[in-house]
Amino acid sequence: MNTHPILQFLNEAQCQAVSSDAPALLVLAGAGSGKTRVLVHRIAWLISECGLSPHSILAVTFTNKAAHEMRSRIESLLGRPANTMWVGTFHGLAHRLLRAHARDAELDENFQILDSDDQLRIVKRVVRELGLDENEWQPKQAQWFINAKKDDGLRPKDIQHGGDLFTATMTSIYSHYEQACRQSSLVDFPELLLRAYELLRDNTHLREHYQSRFHHVLVDEFQDTNAIQYNWIKLISGRQNAITIVGDDDQSIYGWRGARIENIHKFQHDNIDCETIRLEQNYRSTSTILKAANAVIANNNDRLGKNLWTSGDQGELISLYAAFNEQEEARFIAARIQDFVNQGNNYSECAILYRSNAQSRVLEEALLQRSIPYRIYGGLRFFERAEIKDTLAYCRLITNSNDDAAFERVINTPTRGLGQKSIEIVRDLARSRQLSMWQAASVVIDEGLLPARAKNGLETFQMLIKNLASEAESMELHQLIDFVIEASGLLEMYLKEKGEKGLARKENLQELVSAAREFDADEFGYNLEDLGEAEVEEEIDPLVAFLSHASLEAGDTQAEKYEDSVQLMTLHSAKGLEFPVVFMTGMEEKLFPHQMSMEDSDDLAEERRLCYVGITRAMKKLYLLHAEKRRLWGKETYPSISRFIREIPKSLIEEVRLNASVSQPAFGRSQLQDSDSGPDGLQLGQMVEHPKFGAGVILNFEGSGPQATIQINFESVGPKRLVLAYAKLTPC
DNA sequence: CTCCGTAGCGTTTTT
DNA sequence: CGCTACGGAG
């Protein structure tokens with residue numbers, strides 16, 4: 001037994017992972033197996049035991065939350081700050097590199113970051129400018145295309161369209177979009193990564209500098225990395241440095257966003273000396289819950305393989321409840337939560353998970369009816385609010401008047417007599433003379449291309465921005481923001497809004513001012529004190545830093561954290577969290593697995609991983625719910641039970657009835673029936689096809705002999721009772 | 001420019 | 001069903 005303080009209280013596999021001296025280490029960390037703990041302890045180990053300087057450590061995560069948590073846990077373990085250690089998100093670190101070496105990356109030193117909203121606006125404009133029909137060539141789709149290509153490290157010139165009209169058109173949009181971004185010194189999220197990659201790839205001096213600096217690179221949630229992230233990691237760590245990657249192939253749920261689960265296999269392949277350690281002991285859930293999770297995920301192929309276990313006890317059976325409809329599903333949950341709380345527990349110990357956001361509405365209503373406090377994850381985040389984005393758009397114009405995205409956003413907000421038509425004139429001129437909107441505006445005024453009223457508006461706008469820019473030089477960041485809010489007329493405009501809305505907006509704007517007051521560029525690593533040979537260009541403007549910060553850390557989704565409340569969220573946002581009691585709702589075919597992911601086997605496997613993630617969120621008690629009837633987009637549907645439920649051993653489930661509960665149920669079976677099997681080898685819960693009614697699930701067998709009937713829940717027409725002898729059923 | 005009516009559409013989300 | 005985005009009327 002190792003008695004080293006850093007290795008204390010770790011199990012054997014964890015100790016091995018923390019103290020491994022392998023140059024390439026892969027830690028396959030199952031849900032709830034102490035993944036973050038291992039990562040944090042390993043870094044502390046490297047510093048205090050292997051004598052590595054924090055300066056030579058690079059740790060990468062996906063979310064800001066994870067990055068902050070990691071740094072503070074390392075520091076508290078070490079008992080001292082480790083400022084020189086690079087800990088951050090892929091995007092945050094890429095941004096840091098680009099700021100420090102803007103010239104080498106061929107970027108304007110005041111470049112700003114586009115969020116997906118701004119990005120879509122620019123794509124839309126490009127599509128329009130190319131004279132393409134927006135219905136045929138949807139900007140959303142083009143945006144998706146561009147991002148997917150960037151995630152794969154492809155520039156327009158790298159794309160072979162081979163005469164394919166779709167690819168050719170999309171590539172052309174991509175190319176023009178790139179041009180527009182360059183014009184305005186704007187960088188979107190995937191561009192941050194791609195640029196940072198190209199920077200190191202094409203600049204030997206810089207690459208060698210960072211390779212000799214970072215002796216150990218650690219990556220969290222490796223299953224979520226995309227192609228460019230993987231290549232960036234490879235580039236920055238070079239051949240001589242150690243890499244630790246931590247991840248769980250079974251929890252890869254972002255394939256649709258470019259994440260490459262294969263990167264884990266690739267890592268093993270690229271590093272012949274790679275050591276693999278599995279963390280399979282789970283400290284979160286009961287063995288019942290783990291068995292269910294293991295059984296479900298076992299249906300996927302190509303896994304690296306892992307079996308979660310616990311030394312804890314069995315705990316309660318998983319409860320399965322078949323509700324009549326979604327309202328009843330919600331009421332059942334609310335009642336259970338109320339019971340749970342009445343027994344002396346907290347609301348915050350309960351989480352309600354769903355596949356898609358639309359499901360939350362009915363759940364909210366049921367909770368509201370019982371006055372159960374709840375908190376919804378997701379939704380608008382602080383820096384995404386319209387009033388905040390408007391204010392920041394003015395600030396961006398102060399920093400860089402050629403920022404077309406910002407220009408378009410506020411040119412007529414608040415209204416100053418500039419309609420669609422006037423803006424179109426500016427836009428056209430900007431395009432034909434290859435100018436930014438701001439530059440084009442001056443030309444339009446000089447050449448008298450606008451009616452008097454619009455011309456006035458445009459001039460007022462220009463004066464305003466120039467005025468703000470000159471004031472900016474003598475003001476503190478927070479004073480400036482405050483001044484912008486006032487002088488732009490935004491505050492006045494919002495206060496005119498009726499109801500609470502205007503006031504809420506005013507409060508948010510005040511919060512923005514305090515955020516600016518507390519903002520410290522150095523603290524967020526925007527100024528780099530120790531780049532050594534690779535020189536830092538001059539000190540970053542605090543406003544530029546604040547704007548980048550706003551884009552990179554959009555802030556929390558609104559919620560009063562201190563209040564004890566039930567947690568509502570999608571299965572995706574539940575990843576990484578845990579709750580004593582978990583309700584998984586809408587366990588129905590076409591909802592979960594989602595209809596759009598049922599055809600393709602890779603998509604289906606990802607849905608299954610999502611289910612695995614959901615199940616493993618539960619610590620003590622798991623409820624699975626499905627409705628026999630569900631209103632979807634105003635239409636009644638009769639969904640069949642999710643295949644994932646059928647993948648859980650029946651011995652782990654008890655079916656909840658309204659007044660009693662029976663263990664070892666068959667799905668939808670009456671309590672009196674004691675066999676799963678009916679005549680003709682048909683089984684309860686089985687999918688069958690009827691020539692007239694289509695597909696359905698067998699609910700029950702009744703009677704015997706020639707009068708025997710079968711009850712089937714059809715997708716098209718709902719539950720029906722048929723005489724078995726005449727029903728021409730084919731199993732499917 | 002603002003307001004209102006309707007056509008169209010409808011996973012998952014962080015940076 | 002309920003939201004958004006856009007187009008026409010005032």
Side-chain angles (χ1 to χ4, degrees), chain A residues 60-67 88-96 113-121 124 134-135 138-140 144 147 150-151 187-194 196 221 224-226 228-229 252-259 326 353-362 377-381 383-384 412-423 453-454 457 493 496-497 548-557 569-576 586 590-598 603-604 606-607 609-611 613-614 630-637:
Chain A
V60 195
T61 63
F62 274 86
T63 65
N64 292 301
K65 197 176 148 212
T89 63
F90 277 102
H91 292 87
L93 296 170
H95 170 252
R96 199 169 179 174
I113 302 166
L114 278 176
D115 67 18
S116 357
D117 228 51
D118 297 334
Q119 187 189 29
L120 184 60
R121 279 164 197 263
K124 227 180 224 167
E134 277 179 69
N135 286 317
Q138 290 180 0
K140 265 251 168 67
W144 191 85
N147 290 346
K150 288 190 181 187
D151 283 346
V187 172
D188 59 41
F189 287 122
E191 181 77 19
L192 284 170
L193 302 174
L194 184 50
E221 304 276 21
D224 289 338
T225 52
N226 61 31
I228 202 76
Q229 286 161 338
S252 162
I253 55 174
Y254 289 111
W256 53 275
R257 200 165 83 182
E326 69 273 26
L353 309 183
Y354 36 82
R355 175 67 238 263
S356 58
N357 289 306
Q359 286 169 254
S360 72
R361 202 195 166 97
V362 180
Y377 281 61
L380 265 200
R381 303 151 62 124
F383 284 109
E384 288 170 352
N412 200 32
T413 314
T415 50
R416 44 177 75 86
L418 285 152
Q420 275 303 313
K421 224 170 163 189
S422 318
I423 296 171
R453 189 178 143 127
M493 177 185 93
K496 272 194 211 143
E497 279 182 45
S548 302
H549 176 72
S551 306
L552 288 170
E553 270 190 69
D556 276 338
T557 64
M569 68 193 83
T570 62
L571 286 153
H572 282 89
S573 23
K575 195 176 126 192
K590 295 189 177 176
L591 235 193
F592 189 37
H594 195 275
Q595 179 148 33
M596 313 232 65
S597 309
M598 286 173 68
D603 291 347
L604 185 64
E606 184 153 310
E607 294 282 308
R609 292 192 291 268
L610 192 55
C611 182
V613 166
R630 183 178 295 270
R631 246 188 134 75
L632 268 177
W633 306 328
K635 272 203 191 102
E636 308 249 280
T637 59

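In what follows, every heavy atom counts, from backbone to side chain, and hydrogens, waters and symmetry copies are set aside. Chain A is the first sequence line, chain B the second, and so forth, proteins listed ahead of strands; every chain is numbered from 1.
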Grab the [atom1]-[atom2] distance between [X] and [N] for me, whole Å please.
{"X": "A:Lys496", "N": "B:dT2", "atom1": "NZ", "atom2": "P", "value": "9 Å"}
{"X": "A:Arg630", "N": "B:dG10", "atom1": "CZ", "atom2": "C1'", "value": "15 Å"}
{"X": "A:Asn226", "N": "B:dT14", "atom1": "CG", "atom2": "C1'", "value": "12 Å"}
{"X": "A:Lys140", "N": "B:dG8", "atom1": "NZ", "atom2": "P", "value": "17 Å"}
{"X": "A:Leu353", "N": "B:dT13", "atom1": "CG", "atom2": "P", "value": "12 Å"}
{"X": "A:Asn147", "N": "B:dT15", "atom1": "CG", "atom2": "P", "value": "15 Å"}
{"X": "A:Lys590", "N": "B:dT12", "atom1": "NZ", "atom2": "C1'", "value": "19 Å"}
{"X": "A:Gln359", "N": "B:dG10", "atom1": "CD", "atom2": "P", "value": "17 Å"}

Do the side-chain N or O atoms of [X] get closer than 4.0 angstrom to the phosphate oxygens (OP1, OP2) of [N]?
{"X": "A:Arg361", "N": "C:dC3", "result": "yes"}
{"X": "A:Arg381", "N": "B:dT14", "result": "yes"}
{"X": "A:Ser116", "N": "B:dT15", "result": "no"}
{"X": "A:Ser573", "N": "B:dT12", "result": "no"}
{"X": "A:Asn357", "N": "B:dT12", "result": "yes"}

Atom CE of residue position A:Met596 - does it have more than 12 heavy atoms of other residues, nucleotides or ligands inside 6.0 Å?
no

If you count the non-hydrogen atoms of other residues, nucleotides and ligands that lie under 6.0 Å from CD in A:Glu636, is the total more than 12?
yes

Among the candidates C:dC1, B:dC1, B:dT11, find the nucleotide nearest to the side-chain atoms of A:Met596.
B:dT11

Taking the side chain of A:Arg257 as its heavy atoms from C-beta onward, which of B:dT14, B:dT12, B:dT2 lies nearest to it?
B:dT14

Salt-bridged, A:Glu191 to A:Lys150, with N to O below 4.0 Å?
yes

Carboxylate-amine/guanidinium proximity below 4.0 Å for A:Lys575 and A:Asp224:
yes

Base, sugar-phosphate alone, or nothing: which one does [X] contact when heavy atoms must sit under 4.0 Å apart?
{"X": "A:Phe189", "result": "base"}
{"X": "A:Gln138", "result": "nothing"}
{"X": "A:Asp115", "result": "nothing"}
{"X": "A:Asn412", "result": "sugar-phosphate"}
{"X": "A:Leu418", "result": "sugar-phosphate"}

Interatomic distance at P, B:dT12 relative to C:dC3, whole Å:
15 Å

May A:Trp633 be described as stacking on the base of C:dC1, applying a 5.5 Å centroid limit and a 30° limit on plane angle?
no

Between A:His572 and B:dT12, do the rings stack, that is, sit under 5.5 Å apart with planes less than 30° off each other?
no

A:Arg355 side chain to A:Leu591 main-chain N or O, any donor-acceptor pair under 3.5 Å?
no

Parallel, tilted or perpendicular: ring planes of A:Tyr254 versus A:His572, cut at 30 and 60 degrees
tilted

What form does the base of B:dT11 take, syn (within 90° of 0) or anti?
syn

Walking DNA chain B from its 5' end, the first of A:Gln420 and A:Tyr254 to be reached, judged by nearest nucleotide, is A:Gln420

DNA chain B nearest-nucleotide lookup for A:His91 and A:Arg416: closer to the 5′ end is A:Arg416

